[in-house]
Amino acid sequence: MREVRVRFAPSPTGALHIGGVRTALFNYLLARQQNGTMILRVEDTDQARYVPGAEEYILKSLEWVGIKIDEGVGVGGPYAPYRQSERKPMYMQYAQKLVDEGNAYYAFDTEQELDAMRERLSAAGVASPQYNSITRMQMRNSLTLPEDEVKSLLQVGTSHVVRLKVPRKEEVRLNDMIRGWVMVHSSQIDDKVLMKSDGMPTYHLANVVDDYLMKISHVIRGEEWLPSAPLHVLLYKYLGWEEDMPQFAHLPLLLKPTGDGKLSKRDADQMGFPIFPLDWTDPTSNEKAPGFRESGYLPEALVNFLAFLGWNPGTTQEIFSMDELIKAFSVARIGKAGIKFDIHKAQWFNQQYLRSKPNEVLADYLLHDLQDKNIVCSREKAIKIVSVIKERVTFPQDFWEQGRFLFIPPDSFDESVVNKKWNSEATNVLNAYKLEITKLPLLNATNAKSTLEQVTATLGIATGKILQALRLSLTGLGVGPDLMMIMEIMGKDEVVSRITFALQKLAVKVA
RNA sequence: GGUCCGUUCGUCUAGGGGUUAGGACACCAGAUUUUCAUUCUGGUAACACGGGUUCGAUUCCCGUACGGACUACCA
């Protein structure tokens with residue numbers, strides 16, 4: 001068996017889409033499992049669509065999710081350079097070979113001429129107007145023009161492209177690892193441009209040439225490439241590389257959560273979830289888009305989630321570390337159908353991973369947010385807080401969100417709780433309770449509770465009836481973590497002062 | 001429109017000629033929790049449709065419908 005060499009080959013035209021991350025992940029899993037090589041190649045042959053910063057963004061994104069590049073842009077390697085724009089001089093010779101052997105030709109048609117051809121064809125009722133074995137005979141190319149005219153056109157530097165001469169009648173077939181045999185008749189394939197007039201190769205040529213040169217063994221990419229895969233097969237054949245053709249695996253696409261269509265940034269915006277791994281600011285429009293990282297997703301959770309989009313281990317195990325994924329992965333267990341993206345599952349994974357972290361690590365998240373807010377908090381206290389609200393969080397920032405009342409006393413109180421629970425019974429208990437607490441040397445969860453029970457017992461009121469009022473006075477809210485622990489964390493003085501404040505502020509309502 | 005690919009609970013999926021069609025997320029209910037959350041228990045819920053083949057089809061074949069991708073000197 002040949003050495004496994006896979007590549008992730010994005011275009012630096014903007015932020016890396018989450019679907020791209022998944023493609024990279026599947027490549028990576030295969031590479032690691034087979035002791036192969038993961039290559040990053042940047043396909044920047046379209047100068048017009050180049051976006052500054054995009055390449056760096058891709059690199060950072062892959063690093064964040066834990067996909068390590070063995071060879072390619074950013075790390076180098078034996079087949080450098082790995083940026084197609086820097087490989088520009090290499091492609092012409094292959095195009096030339098195709099031309100010389102009669103498998104490609106020069107075309108001099110202008111944009112207007114191409115438009116006119118398409119219009120003429122569609123006016124004549126042709127189903128799919130394209131530059132192909134029939135129409136090329138009516139166009140201006142080295143197949144129709146006299147040889148000396150072609151020569152002189154080339155000599156004076158007339159703008160031209162190189163097109164593949166697709167055979168008229170031939171069954172082109174490829175064996176996709178996911179879809180099995182896919183057959184397309186060559187009459188359905190058009191004479192694709194291989195070399196553009198600016199001297200750059202198109203995706204099709206560059207991709208095939210580079211995959212061959214870099215000894216790629218498996219091409220794992222999105223299903224959007226399936227229609228052009230037969231063209232690539234033809235290219236391998238004409239270039240004489242059939243023996244070295246990689247195995248193809250076309251991944252099912254990520255679709256919108258609701259309705260139909262493929263997942264887009266618009267859907268993500270509308271439904272309030274990220275679609276890019278990291279925050280991204282478009283350099284031209286300055287438009288900002290949120291990233292999974294900044295939204296609080298843990299890379300290991302995202303990886304686990306992404307791996308299950310189109311793949312499954314065949315067992316009931318759901319939680320997989322990267323190493324476990326590497327062991328369990330197989331292309332054979334990748335599904336064929338498109339996948340509706342459901343952010344709920346991603347959140348669930350996040351929750352699972354977040355909760356499994358030790359309190360010390362979780363405390364760092366809280367401490368970090370507190371630092372941003374200029375709030376001082378000891379590590380021990382942070383650990384205590386985190387352990388109390390651990391079971392109620394999905395994202396790291398939830399520790400702050402749900403624990404903020406511990407640092408910022410309430411200045412307003414939940415109306416509905418006030419209406420329901422703030423009555424003279426409650427204020428009586430609170431007044432007495434406050435006094436009793438003051439006498440305590442130190443307040444902790446245990447004596448906070450026993451003291452409260454004493455007070456309610458002497459006043460002849462059920463503890464349960466006033467607990468919500470106590471919570472309200474301390475946090476301003478009707479819900480939250482265990483009250484006794486909250487009091488222990490706040491400490492005696494804070495508890496007393498908050499009860500006092502609530503008693504003052506809400507006094508009016510009692511009367 | 002044409003070409004190609006696809007279709008099992010709302011979602012991700014397992015399965016496969018004879019199964020009570022399994023799991024997870026989500027949802028709902030009950031228990032626990034003085035609240036909410038957690039946790040536990042239970043529940044609703046699927047083989048797109050029509051023809052074949054077969055003793056028998058959700059599973060195999062063919063159509064239809066529906067969905068998706070592609071249809072650029074973009075990748």
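Within every chain, numbering begins at 1; the chains are lettered A, B, ... in the order of the sequence lines, protein sequences first and strands thereafter.
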By side-chain hydrogen bond (donor to acceptor under 3.5 Å, both in side chains), which residues pair with [X], not counting sequence neighbours?
| X | result |
| --- | --- |
| R7(A) | N207(A), D211(A) |
| K384(A) | E488(A) |
| R333(A) | N312(A) |

Under 4.0 Å protein heavy-atom contact, by nucleotide of nucleotides 24-32 of chain B - B base, S sugar-phosphate only: BS-------
Could you encode protein contacts along nucleotides 2-8 of chain B as a string, one character per nucleotide from 5' to 3', using B for base contact, S for sugar-phosphate-only contact and - for no contact, with a heavy-atom cut-off of under 4.0 Å? SSSSSS-
Out of [options], which has the shortest distance to the side chain of [X]?
| X | options | result |
| --- | --- | --- |
| V479(A) | U35(B), U38(B), A69(B) | U35(B) |
| R49(A) | U35(B), C12(B), A75(B) | A75(B) |
| E391(A) | U35(B), A37(B), A69(B) | A37(B) |

Polar atom pairs (N or O), protein with nucleotides 59-61 of chain B, under 3.5 Å:
none

Measure distances between side-chain N and O atoms of T202(A) and base N and O atoms of C73(B), and say whether any donor-acceptor pair falls under 3.5 Å.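 Between C73(B) and T202(A), which were checked side chain against base, a qualifying N/O pair under 3.5 Å is absent.
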Restricting to salt bridge (charged side-chain N to carboxylate O under 4.0 Å, His left out), what partner residues turn up for D398(A), sequence neighbours left out?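 Per chain and number, D398(A) pairs via salt bridge (charged side-chain N to carboxylate O under 4.0 Å, His left out) with no residue.
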Enumerate the residue pairs fulfilling salt bridge (Lys or Arg N to Asp or Glu O under 4.0 Å) with a member in residues 448-465 of chain A, sequence neighbours excluded, ordered by first and then second residue.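 Non-adjacent pairs meeting salt bridge (Lys or Arg N to Asp or Glu O under 4.0 Å): E425(A)-K465(A).
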Contacts under 3.5 angstrom, residues 119-128 of chain A side chains, donor-acceptor by atom type, not counting sequence neighbours:
unit_1: S122(A); atom_1: OG; unit_2: R118(A); atom_2: O; d: 2.7
unit_1: S122(A); atom_1: OG; unit_2: E119(A); atom_2: O; d: 3.3

In chain order, what residues pass the ring pair (Phe, Tyr, Trp, His ring centres under 6.0 Å) check against F395(A), with sequence neighbours excluded?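 Testing F395(A) for ring pair (Phe, Tyr, Trp, His ring centres under 6.0 Å), a comparison that skips the adjacent residues, returns Y297(A).
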Contacts of type ring pair (Phe, Tyr, Trp, His ring centres under 6.0 Å), residue F26(A), not counting sequence neighbours: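 Scan of F26(A) (ring pair (Phe, Tyr, Trp, His ring centres under 6.0 Å), adjacent residues dropped) gives F329(A).
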Holding to side-chain contact (heavy atoms from CB on, under 4.5 Å), I want the full list of residues that pass it with V172(A), two or more places apart in sequence or in another chain.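 So V172(A) forms a side-chain contact (heavy atoms from CB on, under 4.5 Å) with S186(A), I189(A), P230(A), V233(A), L234(A).
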As a quick check of understanding, evaluate side chain to side chain contact (heavy atoms under 4.5 Å, CB included) for M195(A) and M92(A), giving each step before the final call. CA-CA 8 Å; M195(A) 291 296 289; M92(A) 193 55 213; 3.6 Å; yes
